[in-house]
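So the structure is just underneath, and the comments pick up after that.
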Amino acid sequence: MTRLHSDNPPDAIPCEHHFSDRTHDMARTHQAARRLTPEQLRDALRDIGISRDDLALVLGTRTERVGKWTRGEEDVPIYLDALLALMTLPGALDLIEDVMMRRAGGSDDGEA
């Protein structure tokens, strides 16, 4: 077996990059990420204070698609768990509002 890094143990799988244990732990956590249920998605949107229309606009998708996620007609994308968690950070909703304004073609400077 070819060893790419001298600090790899002999039984390690070679890779092009050497990552820290923390990075590998984060990758394993990401692989085990949970998929939200439709009810959890609806609850999260309500708790954050954004509508299905708003989420669709932020994601650049159709409101109908978000509706399918909330009704269980399509699987909720795995990334939404992390994205919705990030939306609860201080200042995040202001950034989201800015994105929505720009995507909708509106102005966020108060001018008509």
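Hydrogens, waters and symmetry mates play no part in the numbers below; they use all other heavy atoms, side chains included.
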inquiry  = Please find the pair of heavy atoms, one from Trp69 and one from Pro38, that lie closest to each other, and give the distance.
reply    =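 That closest heavy-atom pairing would be O-CB, 3.4 Å.
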inquiry  = According to a hydrophobic-cluster definition based on side-chain heavy atoms being under 4.5 Å apart (Ile, Leu, Val, Met, Phe, Trp, Tyr only), do Leu83 and Leu95 belong together?
reply    =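 No, because Leu83 and Leu95 fall into different hydrophobic clusters, even though each may have its own neighbours under 4.5 Å.
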ask   = Out of curiosity, does Ile78 fall in the hydrophobic cluster containing Leu86 (side-chain heavy atoms, cut-off under 4.5 Å, transitive links)?
value =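 No, separate clusters.
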Atom pair [atom1]/[atom2] of [X] and [Y] - distance to nearest 0.5 Å:
X: Arg35; Y: Asp75; atom1: CZ; atom2: CG; value: 4.5 Å
X: Leu84; Y: Leu36; atom1: CG; atom2: CG; value: 6.5 Å
X: Arg52; Y: Arg65; atom1: CZ; atom2: CZ; value: 14.0 Å
X: Met87; Y: Leu80; atom1: CE; atom2: CG; value: 8.0 Å

key: Heavy atoms from other residues, nucleotides or ligands near CD of Glu64 exceed 12 (cutoff 6.0 Å)   =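 Yes, the 6.0 Å shell around CD holds more than 12 heavy atoms from other groups.
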request  = Tell me, with the steps shown, if Thr61 and Val66 meet side-chain contact (heavy atoms from CB on, under 4.5 Å).
outcome  = CA-CA 8 Å; Thr61 192; Val66 177; 4.0 Å; yes
ask   = Which residues satisfy the salt bridge (Lys or Arg N to Asp or Glu O under 4.0 Å) test with Glu73, sequence neighbours excluded?
value =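 In terms of salt bridge (Lys or Arg N to Asp or Glu O under 4.0 Å), with neighbours along the sequence ignored, Glu73 is linked to Arg71.
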Show which side-chain atoms of residues 41-49 pair as donor or acceptor with protein atoms under 3.5 Å away, not counting sequence neighbours.
{"from": "Arg42", "atom 1": "NH1", "to": "Thr70", "atom 2": "O", "distance (Å)": "2.4"}
{"from": "Asp43", "atom 1": "OD1", "to": "Arg46", "atom 2": "NH1", "distance (Å)": "3.1"}

